[in-house]
Amino acid sequence: MKIKTVPTQPFDDQKPGTSGLRKKVKVFQQPNYLENFVQSIFDSLPDTQGACLVLGGDGRYFNREAIQIIIKIAAANGFSHLIIGQGGLLSTPAASHLIRKNQASGGLVLSASHNPGGPDEDFGIKYNVSNGGPAPEKYTDEFYRQSKIISEYKIAEIEDIDLDSTGEQQIETFKVTIVDPVDDYADLMNQIFDFPLIKKTIESGDITLCFDAMHAITGPYAKRIIEKMLGAKTGSVINATPLPDFGGGHPDPNLAHAKQLADLMFSSDAPTFGAASDGDGDRNMILGNNIFVTPSDSLAIMAANAQLIPGYNRGIAGVARSMPTSQAVDRVAEALDIACYETPTGWKYFGNLLDAGKITLCGEESFGTGSNHVREKDGLWAVLFWLNLLAKTGQSVSDIVHQHWQKFGRDIYSRHDYEAVDLTLANGIFDYLREQLPSLPGKNFGKFTVKFADEFSYQDPVDGSISKNQGIRIGFEDGSRMVFRLSGTGTVGATLRIYLEKFESDPALQDQDAQIALADLIDLAEQLCEIKKRTGRDTPTVIT
Ligand code: VG1
Ligand code: CO
């Protein structure tokens, strides 16, 4: 195999964020941009000689072209085996599973997740390590360091690989295996959940459902699993064909972006269960007939009911949630007498806890839940968990949620996002918040008394590594909380996220609209951060 060494210059903006490197497609299409980043990753790895790499993406614009380039760079860097999803497609959780199942040295997942796709939209690339999880910070810091000193990359001069036929292709000692993207993942789900019971309940009509794949990667997975294996009617999966631009929408499963599904679930024709997933298949939104389950509540409900699911019937070791996620799961952990960990935002912080067996379930408020079955959050897994729960209990989504609140209380929760904020203004807001932190504890704001105010820092209990500046937290005596963070996945300006939470133990007051129940906390957040005043905006871009 002929290998070419190409001289290159570093780019100064290849610092991975919350979940890999995300930029506009046009940025990735600049000469050498993708090549540099991939070579920087390979330069950071201890040994690529003879190694096996999993490769696939969410099918967004530039996916195929990027895969052909990566194959050639991987071959030139000594990888001996590539496992690639047919058509270049793999959901993030399926990629995680393939890495684990094949004991690959790692994987590259091409996705910008819930960000829009298309020639003028976003592309992304993320490296996962041998446990199947996103590369921890010590890796991503090294990728960035290499990207700043890179002077050349290696590329094999070989023909494009046929991505569409499953099977093996061999070029000298370099082997490429094209696999069906769904097969192994569907097998894994079948091992965890009670498929015969779910199928019976769906076929009897006791569960009716709609799954919105948002023209993204979960279409083929949901068609196979929900319609074919579990017997849901054809058409139960909507927007099922992955499109390079996701049909022009944001493949972000929330009430704002999955509007078609949300409208259906709050109509008189609503099925008993509704769900959606995101661009790369790791997020989920759960709905019942006229009810939306917040991701934080979903995690808590899963933890409280895990013993009803075959894959977790021996109980769960512990749970973890990202810091801004509501404290609902903490209450369940306390009742079950298991550990509950609070980690920074991003799935990479759960890996060590899962590997060490300290936790079984984990989740984030951003529509992400998962377990020790892979090392990524997993959208369809969460959907199947809920379907199994409905089938097993015979209850409706609404009954399950209300009973949970009655037992544990409700953490009324909302996140307000302000997108594309001018960077200088955003930094000013954080400076202003930071200045106030020392003087806040003990201060009264109407009925709220500040209990603590700090900037979250995390020490990993397994390897002792420390991650600082992970968001500003202000907690109040009554258990209410607000968190301010800057997004690490956006590609335009700064996205400021405000997370708001209030505990309600009185069942008579639990059924309130979150925005109304949180109104005084929302006002106080504005008073403390002045985002509306400083940006001149009068509402958040997205409320979830
Ligand atoms: C967001 C979410 C975070 C999630 C990350 C990746 O990050 O808040 O919880 O892990 O996206 O999800 P940020 O830094 O923008 O807040 V995905 O589905 O984009 O891989
Ligand atoms: Co995602």
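Note that this is a predicted model, so its numbers are computed, not measured. Note that ligands are numbered from 1 as they come in the structure, with each ligand's atoms numbered from 1 the same way.
- Among Pro134, Ser366, Gly279, the residue whose heavy atom sits closest to atom 9 (O) of ligand 1 is Ser366.
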Point to revise | CA sep, side-chain torsions, deciding dist, call: Lys259, Asp263, salt bridge (charged side-chain N to carboxylate O under 4.0 Å, His left out) | key: CA-CA 6 Å; Lys259 200 171 174 311; Asp263 287 349; 2.9 Å; yes

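- Contact analysis leaves Lys126 out of contact with ligand 1, as no non-hydrogen atom separation drops below 4.0 angstrom.
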Exercise for review: Could you check Arg497 against Glu364 for salt bridge (charged side-chain N to carboxylate O under 4.0 Å, His left out), going step by step and ending with a plain yes or no?
Suggested key: CA-CA 14 Å; Arg497 307 202 195 282; Glu364 298 191 275; over 6 Å; no

Check your understanding: Hey, mind stepping through Gln515 and His416 against side-chain hydrogen bond (donor to acceptor under 3.5 Å, both in side chains) and telling me if it holds?
Key -> CA-CA 10 Å; Gln515 302 311 315; His416 288 195; 2.9 Å; yes

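- The residue from Met323, Lys377, Glu364 that puts a heavy atom closest to atom 6 (C) of ligand 1 is Lys377.
- Atoms of ligand 1 lying under 4.0 Å from any heavy atom of Arg22, numbered from 1 in the order shown and given with element: 17 (V), 19 (O), 20 (O).
- Geometric assessment of Arg534 against the ring of Tyr432 yields a positive cation-pi assignment under the 6.0 Å and 45° thresholds.
- Using the six-membered ring where Trp is involved, His257 and His250 have ring planes that are parallel, under 30° apart on the 30 and 60° scheme.
- The shortest heavy-atom distance from Gly346 to ligand 1 is under 4.0 Å.
- Near Ser19, with a cut-off below 4.0 Å to any heavy atom, the atoms of ligand 1 are 6 (C), 20 (O).
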Practice item. Would you please test Lys24 and Asp122 for salt bridge (charged side-chain N to carboxylate O under 4.0 Å, His left out) and show each step? Key: CA-CA 4 Å; Lys24 291 284 168 210; Asp122 294 353; 2.9 Å; yes

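- In terms of protein heavy-atom proximity, atom 11 (O) of ligand 1 is nearest to Arg283 NH2, 3.0 Å.
- Near Arg485, meaning under 4.0 Å from any of its heavy atoms, are these atoms of ligand 1: 13 (P), 14 (O), 16 (O).
- Ligand-side atoms of ligand 1 in range of Gly488: 13 (P), 14 (O), 15 (O), range being under 4.0 angstrom from any heavy atom.
- Applying the 4.0 Å criterion to heavy atoms of Arg497 picks out, from ligand 1, the atoms 8 (O), 13 (P), 15 (O), 16 (O).
- Counting atoms of ligand 1 from 1 in the listed order, those under 4.0 Å from a heavy atom of Asp278 are 18 (O).
- If you look at the Co ion (ligand 2), the protein N, O or S atoms less than 2.8 Å from it are Ser113 OG, Asp278 OD2, Asp280 OD1, Asp282 OD1.
- The closest approach between any non-hydrogen atom of Arg415 and ligand 1 is below 4.0 Å.
- Proximity to Ser113 (heavy-atom distance under 4.0 Å) selects the following atoms of ligand 1: 17 (V), 18 (O), 19 (O), 20 (O).
- The Thr345 neighbourhood of ligand 1 comprises atoms 3 (C), 8 (O), 9 (O), with distances under 4.0 Å to a heavy atom of that residue.
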